[in-house]
Amino acid sequence: MPGDVEAILGLQWGDEGKGKVVDERAAGAAAVVRFQGGANAGHTLTIAGAGFALHQVPSGALRDGVLCVIGAGCVVDPLRLRAEVQVLADQGIALGPERLLVSGRAQVVLPWMPDVDAAEEVLRGRSPVGTTRRGIGPAYAAKAGRWGLTVGALAQPQALRARLDTILPWVERWIRAVGLPAPGNEWISALAEAGAWLQPFVGDDLTAMAAARGRGRVLLEGQLGLMRDPDRGCYPFVTGASILPPAALLPAGARVIGVAKPYVTVVGEGPLPTEASAAAADRLRQLGGEFGATTGRPRRCGWCDLPALRYAALATGATHLAVTKCDLLPALDAVPVCVAYEGYDERLGYPGPEARGGVRPVYEEWNGRVAPEAFARRLAEAIGLPLAFVGLGPGRGESICLEPLGDAATEQISAR
Ligand code: IMP
(Lines give C-alpha, C1' and ligand atoms only; values in the text may rest on other atoms or scores of the structure.)
Protein backbone atom coordinates (compact mmCIF):
# COMPACT_ATOMS: atom_id res chain seq x y z
CA MET A 1 0.00 0.00 0.00
CA PRO A 2 1.35 3.49 -0.73
CA GLY A 3 2.58 5.06 2.49
CA ASP A 4 3.42 1.77 4.20
CA VAL A 5 6.87 1.43 5.73
CA GLU A 6 8.22 -1.93 6.78
CA ALA A 7 11.56 -2.44 8.57
CA ILE A 8 13.23 -5.84 8.34
CA LEU A 9 15.69 -6.26 11.21
CA GLY A 10 17.87 -9.08 12.54
CA LEU A 11 17.03 -10.41 16.00
CA GLN A 12 20.23 -12.46 16.41
CA TRP A 13 23.87 -11.85 15.46
CA GLY A 14 23.30 -11.15 11.75
CA ASP A 15 22.94 -13.59 8.85
CA GLU A 16 19.34 -14.38 9.80
CA GLY A 17 18.31 -14.41 6.13
CA LYS A 18 17.08 -10.79 6.02
CA GLY A 19 18.13 -10.41 2.37
CA LYS A 20 15.73 -13.13 1.30
CA VAL A 21 12.87 -11.66 3.35
CA VAL A 22 13.55 -8.24 1.82
CA ASP A 23 13.67 -9.71 -1.68
CA GLU A 24 10.29 -11.45 -1.17
CA ARG A 25 8.71 -8.34 0.36
CA ALA A 26 10.17 -6.12 -2.37
CA ALA A 27 7.74 -7.56 -4.95
CA GLY A 28 5.60 -4.56 -5.86
CA ALA A 29 7.40 -2.24 -3.40
CA ALA A 30 8.53 1.25 -4.39
CA ALA A 31 11.89 1.37 -2.62
CA VAL A 32 14.32 -0.54 -0.41
CA VAL A 33 16.44 1.61 1.88
CA ARG A 34 19.66 0.63 3.64
CA PHE A 35 20.12 2.95 6.60
CA GLN A 36 23.29 1.70 8.33
CA GLY A 37 26.52 -0.18 7.71
CA GLY A 38 28.56 -0.68 4.58
CA ALA A 39 30.50 -3.35 2.77
CA ASN A 40 30.48 -5.54 5.91
CA ALA A 41 27.01 -6.74 4.86
CA GLY A 42 26.63 -9.93 2.94
CA HIS A 43 23.33 -11.03 1.50
CA THR A 44 23.17 -14.02 -0.77
CA LEU A 45 20.05 -14.28 -2.90
CA THR A 46 19.16 -17.20 -5.14
CA ILE A 47 16.83 -16.50 -8.05
CA ALA A 48 16.00 -19.12 -10.65
CA GLY A 49 19.05 -21.07 -9.48
CA ALA A 50 21.47 -18.15 -9.93
CA GLY A 51 23.29 -16.70 -6.91
CA PHE A 52 23.67 -12.95 -6.32
CA ALA A 53 25.93 -11.60 -3.60
CA LEU A 54 25.01 -8.15 -2.35
CA HIS A 55 27.19 -6.16 0.02
CA GLN A 56 26.35 -2.47 -0.21
CA VAL A 57 23.54 -2.56 -2.75
CA PRO A 58 20.09 -2.99 -1.13
CA SER A 59 18.28 -6.29 -1.68
CA GLY A 60 15.61 -4.57 -3.79
CA ALA A 61 18.13 -4.61 -6.66
CA LEU A 62 16.76 -7.85 -8.02
CA ARG A 63 13.18 -6.59 -8.40
CA ASP A 64 12.48 -4.53 -11.51
CA GLY A 65 11.59 -0.92 -10.89
CA VAL A 66 12.38 -0.89 -7.16
CA LEU A 67 14.48 2.12 -6.13
CA CYS A 68 17.51 1.11 -4.04
CA VAL A 69 18.59 3.73 -1.52
CA ILE A 70 21.83 3.85 0.46
CA GLY A 71 20.89 6.15 3.31
CA ALA A 72 22.57 8.89 5.33
CA GLY A 73 23.58 6.53 8.16
CA CYS A 74 25.61 4.26 5.87
CA VAL A 75 29.35 4.19 5.28
CA VAL A 76 30.07 3.79 1.58
CA ASP A 77 33.20 2.25 0.10
CA PRO A 78 32.97 3.82 -3.36
CA LEU A 79 35.53 1.54 -5.01
CA ARG A 80 33.82 -1.61 -3.77
CA LEU A 81 30.39 -0.19 -4.64
CA ARG A 82 31.49 0.47 -8.20
CA ALA A 83 32.81 -3.10 -8.46
CA GLU A 84 29.55 -4.52 -7.02
CA VAL A 85 27.41 -2.53 -9.47
CA GLN A 86 29.64 -3.82 -12.29
CA VAL A 87 29.27 -7.48 -11.19
CA LEU A 88 25.49 -7.03 -11.07
CA ALA A 89 25.55 -5.46 -14.55
CA ASP A 90 27.50 -8.49 -15.80
CA GLN A 91 24.72 -10.65 -14.31
CA GLY A 92 22.10 -8.66 -16.23
CA ILE A 93 21.01 -6.31 -13.40
CA ALA A 94 21.58 -2.75 -14.63
CA LEU A 95 21.53 -0.23 -11.77
CA GLY A 96 21.59 3.26 -13.23
CA PRO A 97 20.84 6.44 -11.26
CA GLU A 98 17.11 5.83 -11.76
CA ARG A 99 17.45 2.61 -9.70
CA LEU A 100 20.22 3.46 -7.21
CA LEU A 101 20.44 6.54 -4.99
CA VAL A 102 23.26 7.21 -2.54
CA SER A 103 22.72 9.81 0.15
CA GLY A 104 25.12 12.74 -0.07
CA ARG A 105 25.14 12.66 3.74
CA ALA A 106 26.47 9.09 3.94
CA GLN A 107 30.11 8.78 4.99
CA VAL A 108 32.93 7.51 2.80
CA VAL A 109 35.06 4.53 3.83
CA LEU A 110 38.45 5.92 2.85
CA PRO A 111 40.86 3.53 1.11
CA TRP A 112 43.16 3.25 4.12
CA MET A 113 40.38 2.44 6.61
CA PRO A 114 40.26 -1.34 5.98
CA ASP A 115 44.00 -1.48 6.83
CA VAL A 116 43.41 0.55 9.99
CA ASP A 117 40.53 -1.80 10.88
CA ALA A 118 42.90 -4.78 10.54
CA ALA A 119 45.70 -3.05 12.48
CA GLU A 120 43.31 -2.12 15.31
CA GLU A 121 42.22 -5.75 15.56
CA VAL A 122 45.88 -6.69 16.11
CA LEU A 123 46.21 -3.92 18.75
CA ARG A 124 43.31 -5.47 20.66
CA GLY A 125 45.62 -8.40 21.35
CA ARG A 126 43.80 -11.32 22.91
CA SER A 127 40.39 -9.69 22.66
CA PRO A 128 39.72 -8.80 19.01
CA VAL A 129 36.18 -8.01 17.85
CA GLY A 130 36.48 -10.24 14.79
CA THR A 131 35.46 -7.41 12.43
CA THR A 132 35.02 -7.92 8.71
CA ARG A 133 38.04 -5.60 8.19
CA ARG A 134 36.04 -3.52 5.75
CA GLY A 135 36.84 -0.28 7.58
CA ILE A 136 33.41 0.04 9.19
CA GLY A 137 34.64 0.89 12.71
CA PRO A 138 37.22 3.47 11.51
CA ALA A 139 34.65 5.12 9.22
CA TYR A 140 32.16 5.58 12.07
CA ALA A 141 34.98 6.68 14.42
CA ALA A 142 36.03 9.35 11.92
CA LYS A 143 32.39 10.43 11.56
CA ALA A 144 31.96 10.81 15.32
CA GLY A 145 35.26 12.72 15.57
CA ARG A 146 34.15 15.08 12.76
CA TRP A 147 37.02 13.86 10.58
CA GLY A 148 34.86 12.05 8.06
CA LEU A 149 34.29 12.68 4.37
CA THR A 150 30.71 12.71 3.10
CA VAL A 151 29.64 11.21 -0.20
CA GLY A 152 28.39 14.69 -1.18
CA ALA A 153 31.88 16.15 -0.76
CA LEU A 154 33.52 13.18 -2.46
CA ALA A 155 31.40 13.75 -5.55
CA GLN A 156 32.40 17.41 -6.01
CA PRO A 157 36.07 17.90 -6.97
CA GLN A 158 36.41 21.28 -5.23
CA ALA A 159 34.69 20.18 -2.04
CA LEU A 160 36.81 17.02 -2.04
CA ARG A 161 40.06 18.97 -2.27
CA ALA A 162 39.02 21.36 0.50
CA ARG A 163 37.93 18.55 2.79
CA LEU A 164 41.09 16.52 2.20
CA ASP A 165 43.17 19.57 3.14
CA THR A 166 41.44 19.59 6.52
CA ILE A 167 41.47 15.90 7.28
CA LEU A 168 44.78 14.73 5.84
CA PRO A 169 46.98 15.80 8.79
CA TRP A 170 44.70 13.86 11.12
CA VAL A 171 44.59 10.88 8.73
CA GLU A 172 48.37 10.68 8.74
CA ARG A 173 48.56 10.83 12.54
CA TRP A 174 46.00 8.05 12.93
CA ILE A 175 47.63 5.84 10.34
CA ARG A 176 51.03 6.19 11.99
CA ALA A 177 49.53 5.60 15.44
CA VAL A 178 48.41 2.12 14.41
CA GLY A 179 51.83 1.36 12.94
CA LEU A 180 51.02 1.71 9.23
CA PRO A 181 53.06 3.70 6.71
CA ALA A 182 51.51 7.03 5.64
CA PRO A 183 49.52 6.58 2.42
CA GLY A 184 50.87 7.91 -0.86
CA ASN A 185 49.05 10.18 -3.29
CA GLU A 186 47.68 7.32 -5.37
CA TRP A 187 44.63 6.87 -3.15
CA ILE A 188 43.70 10.53 -3.54
CA SER A 189 43.40 10.13 -7.30
CA ALA A 190 41.54 6.84 -6.84
CA LEU A 191 39.08 8.69 -4.59
CA ALA A 192 38.59 11.54 -7.04
CA GLU A 193 37.88 9.04 -9.81
CA ALA A 194 35.41 7.12 -7.62
CA GLY A 195 33.71 10.43 -6.73
CA ALA A 196 33.22 11.22 -10.42
CA TRP A 197 31.65 7.79 -10.95
CA LEU A 198 29.38 8.20 -7.91
CA GLN A 199 28.20 11.73 -8.73
CA PRO A 200 25.09 10.83 -10.82
CA PHE A 201 23.85 8.54 -8.03
CA VAL A 202 24.05 11.15 -5.25
CA GLY A 203 20.82 12.52 -3.82
CA ASP A 204 18.84 12.94 -0.62
CA ASP A 205 17.55 9.72 0.89
CA LEU A 206 14.73 11.31 2.96
CA THR A 207 13.27 13.17 -0.03
CA ALA A 208 13.55 10.06 -2.21
CA MET A 209 11.89 7.95 0.46
CA ALA A 210 9.01 10.43 0.89
CA ALA A 211 8.42 10.41 -2.88
CA ALA A 212 8.61 6.61 -2.98
CA ARG A 213 6.01 6.33 -0.21
CA GLY A 214 3.60 8.10 -2.54
CA ARG A 215 4.05 5.28 -5.06
CA GLY A 216 4.04 2.22 -2.80
CA ARG A 217 5.52 0.37 0.15
CA VAL A 218 9.01 1.27 1.35
CA LEU A 219 11.22 -1.33 3.00
CA LEU A 220 14.01 -0.52 5.45
CA GLU A 221 16.63 -3.22 5.12
CA GLY A 222 18.43 -3.93 8.38
CA GLN A 223 21.98 -5.13 8.62
CA LEU A 224 23.56 -7.43 11.19
CA GLY A 225 21.42 -8.29 14.23
CA LEU A 226 20.54 -6.81 17.58
CA MET A 227 23.43 -8.56 19.34
CA ARG A 228 25.82 -6.49 17.18
CA ASP A 229 24.15 -3.19 18.11
CA PRO A 230 26.61 -0.92 19.98
CA ASP A 231 23.96 0.15 22.53
CA ARG A 232 21.91 -3.01 23.07
CA GLY A 233 24.21 -5.78 21.87
CA CYS A 234 27.28 -7.50 23.29
CA TYR A 235 29.59 -4.46 23.48
CA PRO A 236 32.49 -4.37 22.58
CA PHE A 237 31.79 -7.24 20.15
CA VAL A 238 29.56 -5.02 18.04
CA THR A 239 29.60 -3.01 14.83
CA GLY A 240 30.27 0.73 14.50
CA ALA A 241 26.72 2.15 14.48
CA SER A 242 23.26 1.21 15.69
CA ILE A 243 21.47 -1.44 13.68
CA LEU A 244 18.12 0.27 14.42
CA PRO A 245 16.49 2.62 11.89
CA PRO A 246 16.43 6.29 12.90
CA ALA A 247 13.07 7.78 13.88
CA ALA A 248 12.99 9.97 10.75
CA LEU A 249 12.67 6.84 8.59
CA LEU A 250 10.24 4.91 10.77
CA PRO A 251 6.80 6.53 10.95
CA ALA A 252 4.29 5.59 13.64
CA GLY A 253 2.46 2.44 12.66
CA ALA A 254 5.33 1.04 10.57
CA ARG A 255 5.73 -2.71 10.65
CA VAL A 256 8.93 -3.98 12.14
CA ILE A 257 9.60 -7.55 11.05
CA GLY A 258 12.16 -9.21 13.30
CA VAL A 259 14.02 -12.02 11.53
CA ALA A 260 15.43 -15.11 13.24
CA LYS A 261 16.68 -18.56 12.31
CA PRO A 262 15.59 -21.60 14.36
CA TYR A 263 19.21 -21.74 15.56
CA VAL A 264 21.92 -19.09 15.86
CA THR A 265 25.14 -18.30 14.02
CA VAL A 266 27.89 -15.82 14.76
CA VAL A 267 30.78 -14.53 12.69
CA GLY A 268 33.34 -12.87 14.86
CA GLU A 269 34.05 -12.95 18.56
CA GLY A 270 32.00 -12.43 21.70
CA PRO A 271 29.80 -14.41 24.06
CA LEU A 272 27.43 -17.03 22.68
CA PRO A 273 25.75 -18.75 25.64
CA THR A 274 24.05 -21.38 23.48
CA GLU A 275 27.10 -22.32 21.40
CA ALA A 276 26.80 -25.95 20.24
CA SER A 277 29.44 -28.65 20.76
CA ALA A 278 32.03 -28.84 17.98
CA ALA A 279 30.33 -31.84 16.34
CA ALA A 280 26.81 -30.36 16.53
CA ALA A 281 28.08 -26.98 15.28
CA ASP A 282 29.77 -28.68 12.37
CA ARG A 283 26.52 -30.42 11.46
CA LEU A 284 24.53 -27.14 11.63
CA ARG A 285 27.21 -25.41 9.56
CA GLN A 286 27.09 -28.03 6.82
CA LEU A 287 23.28 -28.25 6.82
CA GLY A 288 22.74 -24.50 6.71
CA GLY A 289 25.78 -23.60 4.58
CA GLU A 290 26.88 -21.32 7.41
CA PHE A 291 29.94 -19.60 6.00
CA GLY A 292 30.28 -15.78 5.96
CA ALA A 293 28.94 -14.25 2.72
CA THR A 294 31.45 -11.39 2.98
CA THR A 295 34.50 -13.04 4.50
CA GLY A 296 33.89 -16.76 3.84
CA ARG A 297 34.66 -17.43 7.54
CA PRO A 298 32.97 -20.53 8.99
CA ARG A 299 30.21 -19.23 11.28
CA ARG A 300 30.04 -20.29 14.91
CA CYS A 301 26.78 -22.19 15.42
CA GLY A 302 24.50 -22.66 18.40
CA TRP A 303 20.95 -23.27 19.51
CA CYS A 304 17.99 -20.95 19.40
CA ASP A 305 18.02 -18.63 22.42
CA LEU A 306 14.56 -17.48 23.53
CA PRO A 307 15.73 -15.00 26.22
CA ALA A 308 17.96 -13.37 23.59
CA LEU A 309 15.11 -13.28 21.07
CA ARG A 310 12.70 -11.75 23.60
CA TYR A 311 15.27 -9.09 24.43
CA ALA A 312 15.89 -8.40 20.73
CA ALA A 313 12.14 -8.12 20.09
CA LEU A 314 11.92 -5.55 22.86
CA ALA A 315 14.96 -3.58 21.68
CA THR A 316 13.93 -3.48 18.01
CA GLY A 317 10.24 -2.79 18.65
CA ALA A 318 9.45 -5.80 16.46
CA THR A 319 5.77 -6.07 15.57
CA HIS A 320 6.06 -9.36 13.64
CA LEU A 321 8.36 -12.39 13.45
CA ALA A 322 9.91 -13.98 10.36
CA VAL A 323 11.57 -17.36 10.84
CA THR A 324 13.94 -18.40 8.06
CA LYS A 325 15.64 -21.70 7.16
CA CYS A 326 12.76 -23.79 8.55
CA ASP A 327 13.32 -26.36 5.77
CA LEU A 328 16.36 -27.59 7.75
CA LEU A 329 14.33 -28.54 10.82
CA PRO A 330 13.38 -32.12 9.86
CA ALA A 331 17.07 -33.01 9.42
CA LEU A 332 17.75 -31.75 12.94
CA ASP A 333 14.97 -33.97 14.30
CA ALA A 334 15.05 -32.97 17.98
CA VAL A 335 15.95 -29.28 18.18
CA PRO A 336 17.36 -27.88 21.45
CA VAL A 337 15.83 -24.49 22.28
CA CYS A 338 17.13 -22.43 25.19
CA VAL A 339 14.08 -21.34 27.19
CA ALA A 340 15.80 -19.67 30.17
CA TYR A 341 19.18 -19.15 31.83
CA GLU A 342 20.37 -20.36 35.19
CA GLY A 343 22.85 -18.27 37.12
CA TYR A 344 21.76 -14.99 35.60
CA ASP A 345 19.61 -12.20 36.93
CA GLU A 346 17.19 -11.52 34.07
CA ARG A 347 16.48 -8.03 35.42
CA LEU A 348 19.82 -7.18 33.78
CA GLY A 349 18.37 -7.93 30.35
CA TYR A 350 20.45 -10.06 28.03
CA PRO A 351 23.81 -11.30 29.45
CA GLY A 352 26.71 -9.23 28.17
CA PRO A 353 30.35 -10.32 27.91
CA GLU A 354 30.88 -9.66 31.62
CA ALA A 355 28.50 -12.54 32.40
CA ARG A 356 30.37 -14.97 30.17
CA GLY A 357 30.86 -18.41 31.71
CA GLY A 358 28.47 -17.69 34.58
CA VAL A 359 25.36 -18.34 32.52
CA ARG A 360 23.86 -21.80 31.99
CA PRO A 361 21.20 -22.18 29.30
CA VAL A 362 18.20 -24.36 30.15
CA TYR A 363 17.11 -26.32 27.09
CA GLU A 364 13.89 -27.93 25.91
CA GLU A 365 13.88 -30.27 22.93
CA TRP A 366 11.37 -29.27 20.27
CA ASN A 367 10.25 -31.63 17.54
CA GLY A 368 11.82 -30.59 14.23
CA ARG A 369 9.63 -33.01 12.28
CA VAL A 370 6.41 -31.07 12.71
CA ALA A 371 5.33 -28.85 9.80
CA PRO A 372 7.85 -25.97 9.51
CA GLU A 373 5.04 -23.46 9.93
CA ALA A 374 4.00 -25.13 13.21
CA PHE A 375 7.57 -24.94 14.56
CA ALA A 376 7.84 -21.27 13.57
CA ARG A 377 4.46 -20.53 15.16
CA ARG A 378 5.59 -22.12 18.44
CA LEU A 379 8.68 -19.89 18.36
CA ALA A 380 6.57 -16.81 17.64
CA GLU A 381 4.21 -17.63 20.51
CA ALA A 382 7.14 -18.11 22.88
CA ILE A 383 8.41 -14.64 21.96
CA GLY A 384 4.97 -13.04 21.92
CA LEU A 385 4.93 -11.85 18.30
CA PRO A 386 2.56 -12.69 15.43
CA LEU A 387 4.23 -14.96 12.87
CA ALA A 388 4.44 -13.24 9.49
CA PHE A 389 6.90 -15.21 7.35
CA VAL A 390 8.35 -18.71 7.18
CA GLY A 391 11.45 -19.34 5.05
CA LEU A 392 11.57 -22.75 3.39
CA GLY A 393 14.63 -22.55 1.15
CA PRO A 394 17.05 -20.12 -0.43
CA GLY A 395 15.14 -19.65 -3.70
CA ARG A 396 12.65 -16.88 -4.44
CA GLY A 397 9.14 -18.08 -3.59
CA GLU A 398 10.37 -20.78 -1.20
CA SER A 399 8.57 -19.19 1.70
CA ILE A 400 5.18 -18.66 3.25
CA CYS A 401 4.02 -15.10 3.77
CA LEU A 402 1.24 -15.06 6.34
CA GLU A 403 -1.91 -13.04 6.80
CA PRO A 404 -0.54 -10.34 9.18
CA LEU A 405 1.42 -8.89 6.25
CA GLY A 406 -1.77 -7.90 4.41
CA ASP A 407 -1.63 -7.08 0.70
CA ALA A 408 1.58 -8.85 -0.32
CA ALA A 409 0.67 -11.89 1.77
CA THR A 410 -2.51 -12.33 -0.20
CA GLU A 411 -0.56 -12.12 -3.46
CA GLN A 412 1.95 -14.72 -2.35
CA ILE A 413 -0.51 -17.16 -0.86
CA SER A 414 -2.55 -17.12 -4.06
CA ALA A 415 0.66 -17.66 -6.06
CA ARG A 416 1.53 -20.84 -4.13
P1 IMP B 1 32.37 -4.78 11.62
O2 IMP B 1 30.93 -4.40 11.34
O3 IMP B 1 33.11 -5.25 10.40
O4 IMP B 1 33.11 -3.72 12.39
O5 IMP B 1 32.35 -6.07 12.59
C6 IMP B 1 31.77 -6.02 13.89
C7 IMP B 1 31.15 -7.36 14.26
O8 IMP B 1 29.98 -7.57 13.47
C9 IMP B 1 32.06 -8.55 13.97
O10 IMP B 1 31.84 -9.54 14.95
C11 IMP B 1 31.59 -9.04 12.62
O12 IMP B 1 31.87 -10.41 12.40
C13 IMP B 1 30.10 -8.78 12.73
N14 IMP B 1 29.48 -8.58 11.42
C15 IMP B 1 29.71 -7.55 10.56
N16 IMP B 1 28.94 -7.69 9.45
C17 IMP B 1 28.24 -8.81 9.60
C18 IMP B 1 27.24 -9.48 8.78
O19 IMP B 1 26.85 -9.06 7.69
N20 IMP B 1 26.74 -10.64 9.33
C21 IMP B 1 27.12 -11.11 10.53
N22 IMP B 1 28.01 -10.52 11.31
C23 IMP B 1 28.58 -9.38 10.86
Side-chain angles (χ1 to χ4, degrees), residues 8-22 34-45 52-59 70 73-77 80 84 106-107 109-110 113-124 127-144 178 221-244 259-261 263-272 275 284-285 288-302 308 312 324-325 352-353 356:
I8 294 164
L9 306 180
L11 296 183
Q12 295 164 325
W13 279 259
D15 306 313
E16 295 91 353
K18 296 178 291 297
K20 179 186 156 74
V21 180
V22 173
R34 291 262 318 260
F35 52 88
Q36 181 271 353
N40 52 345
H43 289 150
T44 315
L45 299 175
F52 297 85
L54 300 178
H55 297 287
Q56 299 186 78
V57 169
S59 296
I70 299 181
C74 293
V75 288
V76 178
D77 183 326
R80 281 185 188 276
E84 189 174 333
Q107 294 281 319
V109 177
L110 294 161
M113 286 176 170
D115 289 341
V116 170
D117 196 350
E120 289 185 338
E121 281 288 87
V122 175
L123 278 181
R124 290 188 185 104
S127 197
V129 175
T131 74
T132 56
R133 302 180 179 214
R134 292 287 154 93
I136 306 302
Y140 282 115
K143 175 183 179 179
V178 295
E221 175 176 10
Q223 208 201 313
L224 291 96
L226 196 267
M227 296 307 161
R228 295 301 191 199
D229 182 271
D231 300 319
R232 298 284 173 196
C234 301
Y235 189 90
F237 303 101
V238 295
T239 191
S242 175
I243 65 111
L244 303 173
V259 186
K261 290 192 280 210
Y263 54 94
V264 296
T265 60
V266 171
V267 265
E269 304 300 323
L272 181 57
E275 189 146 20
L284 277 172
R285 198 174 298 119
E290 300 293 356
F291 297 87
T294 295
T295 57
R297 286 183 280 182
R299 296 176 181 151
R300 293 161 66 195
C301 297
T324 58
K325 294 209 164 180
R356 198 202 301 238

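Ligands are counted one by one from 1 in listed order, and the atoms in each one are counted from 1 as well.
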- Message: I want to know if ligand 1 touches R134 in the polar sense, i.e. an N/O pair below 3.5 angstrom.
- Response: no
- Message: Evaluate Q223 for polar contact with ligand 1, using N/O atom pairs at a separation under 3.5 Å.
- Response: no
Shortest protein contact, [atom] (heavy atom only):
atom: atom 5 (O) of ligand 1; result: T131 CA, 3.4 Å
atom: atom 18 (C) of ligand 1; result: N40 O, 3.8 Å
atom: atom 3 (O) of ligand 1; result: T132 OG1, 2.5 Å
atom: atom 12 (O) of ligand 1; result: V267 O, 2.7 Å
atom: atom 2 (O) of ligand 1; result: T239 OG1, 2.6 Å

- Check whether any side-chain N or O of E16 sits under 3.5 Å from a backbone N or O of G14 as a donor-acceptor pair, and report yes or no. yes
Using a strict 4.0 Å cut-off to heavy atoms of [X], name the atoms of ligand 1 that fall inside it.
X: D15; answer: 20 (N), 21 (C)
X: G42; answer: 19 (O)
X: R297; answer: 12 (O)

State, with a plain yes or no, whether a side-chain heavy atom of [X] is found less than 4.5 Å away from one of [Y].
X: F35; Y: E221; result: no
X: T131; Y: N40; result: no
X: V266; Y: Q12; result: no
X: L244; Y: L9; result: yes
X: Q56; Y: V76; result: yes
X: L284; Y: T265; result: no

- Task: State which residues pass salt bridge (charged side-chain N to carboxylate O under 4.0 Å, His left out) with D77; sequence neighbours excluded, sorted by chain then number.
- Result: R80
- Message: Under 4.0 Å, heavy-atom basis, I'd like to know which part of V238 is in contact with ligand 1: side chain, backbone, both or neither.
- Response: backbone
- Note on the structure: Any heavy atom of L224 under 4.0 Å from ligand 1? The part involved is side chain
Does at least one non-hydrogen atom of [X] fall below 4.0 angstrom from an atom of ligand 1?
X: W13; answer: yes
X: R228; answer: yes
X: A41; answer: yes

- Those residues that, when tested against D15, pass side-chain hydrogen bond (donor to acceptor under 3.5 Å, both in side chains) (two or more places apart): R299
- Out of G268, G130, G225, who gets a non-hydrogen atom closest to atom 11 (C) of ligand 1? G130
- Can a salt bridge be assigned to the pair K261 and E290 using a cut-off of 4.0 Å between side-chain N and carboxylate O? yes
